[in-house]
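It should be emphasised that the depicted structure is a prediction, and the values quoted were computed from it without experimental measurement. Atoms considered below: every heavy atom in the structure, side chains included; atoms not considered: hydrogens, waters and symmetry mates.
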Amino acid sequence: MEINMTSPQIKLIALDMDGTLLNEHHEVSELNRSMIKEAQKQGIDVVLCTGRSLMACEDYAKELNLTSYLVTGNGSEIWHTSGELVDRSELKSELIEMMWELRNKHQTNHWAASVDKVWKNEMPEDIPNFDWLKFGFDIEDDEVRKTIFDLLSQHDELEVSNSSLTNIEINAAGVNKAVALTKLCEKLGCEMENVLAVGDSLNDMAMIKESGVGVAMGNAQQIVKDQANWVTTSHNEDGVARAIEKFCFSS
């Protein structure tokens with residue numbers, strides 16, 4: 001879907017990482033890098049907006065010389081690039097225990113993020129003694145994945161999405177990238193209509209729909225493409241750079 005009106009002035013660029021900013025080798029292309037640098041020169045805030053934890057994205061932020069904020073864990077945390085924690089939304093430990101039991105019942109792969117560690121295919125015995133942000137399943141079997149996705153989606157205390165076709169990502173209800181970006185807009189003195197959001201998966205849907213310009217990657221899930229204002233090239237074809245050029249620098 002193309003934007004059929006004059007694009008708003010972009011003051012904040014929100015970039016998903018995996019499948020979006022990063023190519024299949026988990027690298028930032030030179031063109032993406034140079035376009036981000038130019039955007040920051042023009043006074044536009046560039047924000048990594050990812051399902052990853054802070055530990056898994058801060059090196060990229062330093063490499064790109066980002067000077068604004070980081071939205072991590074699908075919006076469960078907001079950090080300033082200086083290392084200051086700005087906002088945190090936790091997931092109740094009893095919900096983590098429920099999903100851990102569901103994981104054991106179906107024998108799936110999983111990961112879970114507490115505030116200080118990412119647990120992969122393991123969990124502590126004393127789950128209630130940790131502060132939790134997110135739980136994730138990785139499930140190759142389509143039927144099992146659909147069963148778990150549908151079950152969790154009916155729970156009013158959970159926000160359910162994905163970051164790939166084989167996983168399920170769960171945060172506390174009301175926690176998503178769009179909500180986090182709304183909080184950042186308030187801090188930065190702009191509106192969501194001034195945001196360019198780029199992503200590829202269900203955990204990017206809210207920010208793509210609610211931003212002034214929502215862009216889906218060429219490799220995005222079809223449901224994300226259907227909600228976007230524009231579809232760029234893939235993560236292996238400098239799709240982020242092309243979106244920034246089109247909506248931030250085109251006259």
Fill in: Results of side chain to side chain donor-acceptor pair (under 3.5 Å) for N162 - residues two or more places apart only
Q221

Fill in: Electrostatic pair E143-K146, nearest N-O below 4.0 angstrom
no

Worksheet item: Do the ring centers of F247 and W230 come within less than 6.0 Å of each other?
Response: yes

Worksheet entry | Between F135 and W111, ring centroids under 6.0 Å | no

Worksheet entry | Flag for S68-D45: side-chain donor and acceptor within less than 3.5 Å | yes

Practice prompt. Return the minimal non-hydrogen interatomic distance between A172 and E159, and the atom names on each side.
Written response: O-CB, 3.4 Å

Worksheet entry | No-hydrogen, no-angle side-chain donor-acceptor test under 3.5 Å, Q222 and D226 | yes

Worksheet, complete the sentence: Contacts satisfying ring-ring contact (aromatic ring centres under 6.0 Å, His included) that involve residues 173-225 (not counting sequence neighbours) are none

Practice prompt. Could you list all the ring-ring contact (aromatic ring centres under 6.0 Å, His included) pairs where at least one residue sits in residues 39-71, not counting sequence neighbours?
Written response: Y69-H80

Worksheet item: So, N203 and N74: side-chain donor and acceptor under 3.5 Å apart, yes or no?
Response: yes

Worksheet item: Among D18, D59, D16, which one satisfies salt bridge (Lys or Arg N to Asp or Glu O under 4.0 Å) with R52?
Response: D18

Discussion item. Within the 3.5 Å criterion, strictly below it, is a donor on D238 or S29 matched to an acceptor on the partner's side chain?
Written reply: yes

Discussion item. Under the side chain to side chain donor-acceptor pair (under 3.5 Å) test against D138, which residue among N109, T108, N121, T166 passes?
Written reply: T166

Practice prompt. Verify ring pair (Phe, Tyr, Trp, His ring centres under 6.0 Å) between W100 and H110, making sure each step is shown before the conclusion.
Written response: CA-CA 9 Å; W100 175 234; H110 90 285; 4.9 Å; yes

Discussion item. Whether K134 engages the ring of W132 as a cation-pi pair (distance to the six-membered ring centre under 6.0 angstrom, angle to the ring normal within 45°) should be assessed.
Written reply: no

Discussion item. Working to the nearest 0.5 angstrom, can you tell me the gap between N236 CG and E27 CD?
Written reply: 10.0 Å

Worksheet entry | Modelled atom types, side-chain donor and acceptor of H235 and N219, under 3.5 Å | yes

